[in-house]
Amino acid sequence: MSSSAADELDACAVQACALLETLQLADWRTWLDAKRTARSGDLPVVVVAGESKRGKSAFVNALLGQEGLSPSGYEQITSAYIVFGYAPEPGAVVRLRDGTVTAIPLSDLATWATEQGNPDNERGVASVEVGVPAPLLRDFCVIDTPGTGSLHAGHGELTLLAVARADALLFVVDAGSPITAAELSFLQRAASSVEYVAVVLVKVDQYSGWRVIRRDDERLLATAGAELSRAAVLPVRSTLVFAERDEPGIRAEAGLDEVERFLRARVLAMSGVLTQANLARACLTALDTADQRLRAAYDADGSAQMRAELAAEEQALAALASDGATWRKRVEEELKARHEDSRKTIERRLREVSEQAQQRIQDGAARKPDDFVDSVTGTISALAAELQGRASATAAELAAEMLTVGGKGTTADLAVGSDLLSGDGWKVPLPGERKKTPYEHMLALTAFSSAHGLALLALPVLGALLGGVGGTIAAIGAGAVGARLSSKGRSQLSRESDLRAWLAKQIAAASARLTSDQQKLMKGLYDDLTQLGAACIAERQAEVAAAISEHTTALAASEEATSERRTQVELARASLAELQDRVTSVLGSLRAAAARLQDAPANATEVDAG
Amino acid sequence: MLDLLEAWLTEPDVSAGSLAVLTAMADELTGPLRLAVSGRIKQGKSTLVNALLGQRAAATDAGECTMIVTWFRYGFPERARLVLPDGEERELALIGGVLGGSLPLGVPAASSAMRIEAELSNAELRSLTIIDTPGFGSATPGVSQVSRDLLFDGTGAALQADAVLFVLDWRLVAEEVDMLAALSARFGSEYGLAVATLGVLNVRDVELPATEIEQRCAQHHAQLRAYLSEVVPLAALPAQTAGSGALTEADALAIGELARAPDEEVRRLLRDADRFRYAAGCLQPATRARLLDDLLGLSGIRFAVAAARDGCTGAVELSGALARQSGIAELRASLSTVIRANADALRAARALRRLQELVFQPAEPRDAGFLARLRDEAEELRLSPVMHRLDEREAQHAVAAGLVTLSEPWLSDLLRITGSGSVASRLGGHDGAPLRDLAAAGAARWREYAVSCGDVDRERIAGVAARSYELTYAALAAPWSAGTGAGVRRPGSAVGGPR
């Protein structure tokens with residue numbers, strides 16, 4: 001792992017932090033910064049496991065170059081690890097389960113950390129931390145665990161927990177016999193949670209046939225799964241180190257240099273690579289988040305909504321145009337039907353009047369011709385008034401319908417409605433002096449409609465409301481009432497036959513008059529209503545057109561702003577992408593380094609050594 | 001028992017299969033005691049066999065032959081045969097009385113269905129047939145099927161033996177406990193295996209202090225006390241070398257040369273096996289390799305050099321020193337007291353196991369009636385005085401190993417009545433007291449204790465003790481023992497040894 005890659009990665013991480021800061025991703029910045037600064041903190045952890053007694057402790061002592069350090073020949077207590085770290089002066093610290101921490105001289109280690117000195121851990125030791133000036137401990141933290149396998153399954157569980165936190169496992173086996181099934185099963189379980197496993201073959205100094213055992217062990221490991229097949233088997237002669245402490249090259253002969261080389265060349269290098277790779281991945285994750293934020297900013301402009309509204313408005317405008325034609329046709333049909341109704345009503349009612357009058361003539365109405373005439377003309381007047389009332393009701397109905405027409409079911413209408421309800425929507429400007437919101441129109445109309453049973457009373461209101469239509473109705477109303485007889489001809493109606501003739505004449509006249517009035521009324525209504533409809537639609541069209549033009553302007557402005565912002569986002573994203581590329585390339589080189597370390601044959605160094 | 005078998009053999013209505021088994025049993029009962037050597041792979045089983053034989057007969061390397069059960073019997077002329085699964089036999093080369101490590105060509109791969117029959121004119125084999133079993137517990141996943149086969153046959157072979165030597169390493173592994181438990185379960189009575197089995201701790205470092213070795217033996221026995229009567233140490237390689245006379249005068253001269261070399265140089269050389277093998281210095285490389293691999297091992301060489309410095313010169317003296325240090329004499333002594341002393345009972349127990357297997361096998365219809373009778377007679381046999389000796393041994397073992405606790409005075413009482421010695425001393429007799437009364441009182445005492453002790457294990461032991469008193473009473477009542485009573489021999493002690 002070259003230092004340039006590390007520097008490059010560090011520079012990238014700093015830049016990424018700055019970028020996250022500007023994007024207001026403070027949490028992410030803190031997270032990445034912590035990753036960046038913490039990476040050189042913890043040392044890689046090496047766990048030493050295996051059968052206790054003799055072999056393992058002697059190996060730990062030899063590895064650390066400290067005679068009598070780990071209590072040899074005793075059974076380590078089963079409930080605590082011994083953690084070895086670097087210290088300029090040898091010393092140890094015992095942590096008890098109750099939280100007490102006691103410093104002890106190294107010579108007292110056995111009284112705390114062995115079954116003999118501390119049976120069943122009656123002193124309640126949680127962990128023992130030992131500091132010694134061993135060069136290896138500057139780069140590694142070494143954990144000595146209680147014995148595994150054998151008959152004590154419980155030891156193995158505790159050790160597996162330690163292994164799970166470790167970067168490397170040194171598993172100590174005896175050169176006297178091949179790895180046992182229990183040891184192999186422990187190794188298999190451990191290998192799934194630790195990156196590097198090496199089997200340390202101890203006491204090879206005492207067993208002349210250790211090479212056969214090593215071959216057996218390698219064969220067993222090779223068949224015990226992919227993780228274990230790469231495990232190196234390192235022969236070690238622990239006792240030589242202390243017997244010939246000052247001999248040059250004794251650590252090499254004892255196989256300890258090989259163990260250190262394994263730890264440094266593989267574990268330390270890999271640990272560095274893994275930490276760097278971890279930082280690189282953290283960088284990429286943070287940058288991804290930043291990119292998402294930027295992308296959201298790029299997409300987040302109001303124009304889209306505005307465009308949608310505009311499209312709806314244009315659609316509404318088109319709908320209004322077709323609504324005009326539909327409306328006219330409806331008015332025509334409606335009025336034709338009403339006219340037909342009225343005509344029939346006039347005929348029927350006049351027939352009734354005529355029959356009643358005939359009866360009265362027969363009953364001797366000629367004796368009081370004035371009363372008779374008054375009664376007939378009164379009835380006809382009432383009929384005229386009734387018909388007029390009906391016409392105005394029809395007019396009101398159609399006009400009311402008109403006001404809701406021209407947008408019924410269109411999106412614009414709905415939009416307007418919802419805006420109205422929400423209270424702060426656009427005010428649609430109406431032409432004329434009195435600018436009313438459609439809401440006000442609707443309110444007025446509702447008030448009128450509920451009262452339109454009193455047709456005549458409501459006429460002036462309707463007139464005021466509808467403008468031109470009211471004039472026509474008022475004129476017709478006046479005309480219809482003018483059917484009263486003049487007193488001039490009354491004396492001539494003294495005879496029954498005269499009365500009959502007069503009645504026939506009056507009925508015929510009334511029929512003609514009323515029918516023509518109705519015709520006029522309907523014609524007038526038709527003109528007024530179609531005019532009103534056209535006006536209404538035009539008005540709405542004007543409104544919508546105004547809104548369209550207003551929105552078009554706003555949209556243009558918004559689009560301009562968006563494109564400006566997008567340019568900036570593009571720039572930010574470009575620099576982010578460049579950063580991503582750099583981190584990815586660092587990660588690629590880290591991966592290659594890791595692969596080289598992984599694929600290096602287990603005994604590469606041995607081959608080098610000849 | 002032999003009489004019974006002979007009676008059965010004349011039965012007219014017995015199928016050929018059953019007859020063959022009965023014939024074999026009759027032969028076995030009269031033959032030498034069968035001793036199986038069992039244990040994990042590469043723990044030195046074959047080396048132990050050689051040490052016992054005093055001759056290098058068994059292959060000790062990792063060849064195929066160590067994966068096949070090998071029977072060493074007395075025979076002349078010496079020869080060895082491979083018995084194939086179908087019963088076919090192949091002669092095996094036996095060069096100078098040593099079996100080769102590999103199988104002849106054209107033979108199927110080693111399997112549990114094969115066995116090697118080696119007949120050697122070795123005096124030890126006159127009274128002892130030794131069965132060298134394949135090691136169990138190979139961790140190799142690839143050969144697990146073969147291993148299981150071998151394990152099964154390892155068990156099977158041990159079951160065909162009257163007694164077992166179980167070889168242990170410095171450390172114990174769970175598989176050994178499992179293996180012994182499996183074996184024990186098929187060994188008839190609860191402590192049947194324990195009274196027939198001796199643990200042998202193969203000490204690879206002959207220089208270890210005796211106390212450390214004793215301590216380790218005691219630890220192993222504490223772990224395995226339900227299966228082993230005791231655990232004794234043996235440095236198998238030096239024992240083999242010393243016993244087989246493999247150490248030549250030339251070897252002794254080489255040791256002497258080392259002893260005369262400067263102390264520091266020799267100490268350096270002997271600190272590491274590879275150094276001794278490869279480092280420049282005295283002795284030819286071939287000599288060094290022979291001393292290291294074939295004869296002594298590193299610690300053995302160190303011991304021999306020290307012995308030579310102390311004035312041990314010549315092959316005979318060195319071999320003697322090695323033999324003394326190896327503990328082979330102590331092992332033989334234990335073998336005598338634990339195994340050979342009870343040979344009759346152990347043999348009978350094995351015949352009974354065999355018989356029971358036969359009885360409970362699905363029988364041919366024509367055998368049904370015969371087998372039912374056989375079953376009854378087997379039960380009868382189980383209760384015979386000869387078999388009771390084994391019950392006594394089991395009871396002794398149970399209390400001695402702490403598997404069952406008895407309070408005083410019951411413990412002393414049990415050890416006295418089941419122990420060795422004159423009838424009077426076993427009954428705790430003193431001047432004047434009639435021995436028959438003492439025996440009757442003892443039986444009554446124990447019967448009552450059996451009822452009142454309220455513990456299954458103690459009840460069983462009480463039953464054994466009561467029966468010991470009853471059998472003694474019966475012996476005293478027999479006309480041929482009327483008189484002094486002190487001269488009555490223990491039943492089953494026909495094959496004597498030092499007690």
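Chain letters run A, B, ... following the sequence lines, proteins first and then strands; every chain starts at 1.
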Salt-bridge criterion met for B:Asp274 and A:Arg237 (N-O under 4.0 Å):
yes
B:Gln284 atom CD, over 12 foreign heavy atoms within 6.0 Å:
no
Which bit of B:Gln43 comes within less than 4.5 Å of chain A, counting heavy atoms only: side chain, backbone, both or neither?
side chain
Short N-O contact, B:Arg171 and A:Glu183, less than 4.0 angstrom
yes
If you tally heavy-atom pairs under 4.5 Å between each of B:Leu298, B:Leu270, B:Asp272, B:Leu292 and chain A, the highest tally belongs to B:Asp272
To check you understand the geometry: which heavy-atom pair defines the closest contact between A:Ser177 and B:Asp169, and what is its length?
OG-OD2, 3.8 Å
Nearest heavy-atom approach of A:Asp205 to B:Arg271 is CB-O, 3.4 Å
side-chain hydrogen bond (donor to acceptor under 3.5 Å, both in side chains) contacts touching residues 292-307 of chain B (sequence neighbours left out):
A:Gln206-B:Arg302, A:Ser208-B:Asp293, B:Glu207-B:Arg302, B:Arg277-B:Asp293
Checking A:Glu244 against B:Arg275 for the salt bridge (charged side-chain N to carboxylate O under 4.0 Å, His left out) test, could you report, in this order, the C-alpha distance in whole Å, the side-chain angles of both residues, the deciding distance, and whether it holds?
CA-CA 14 Å; A:Glu244 297 166 26; B:Arg275 269 190 194 169; 2.7 Å; yes
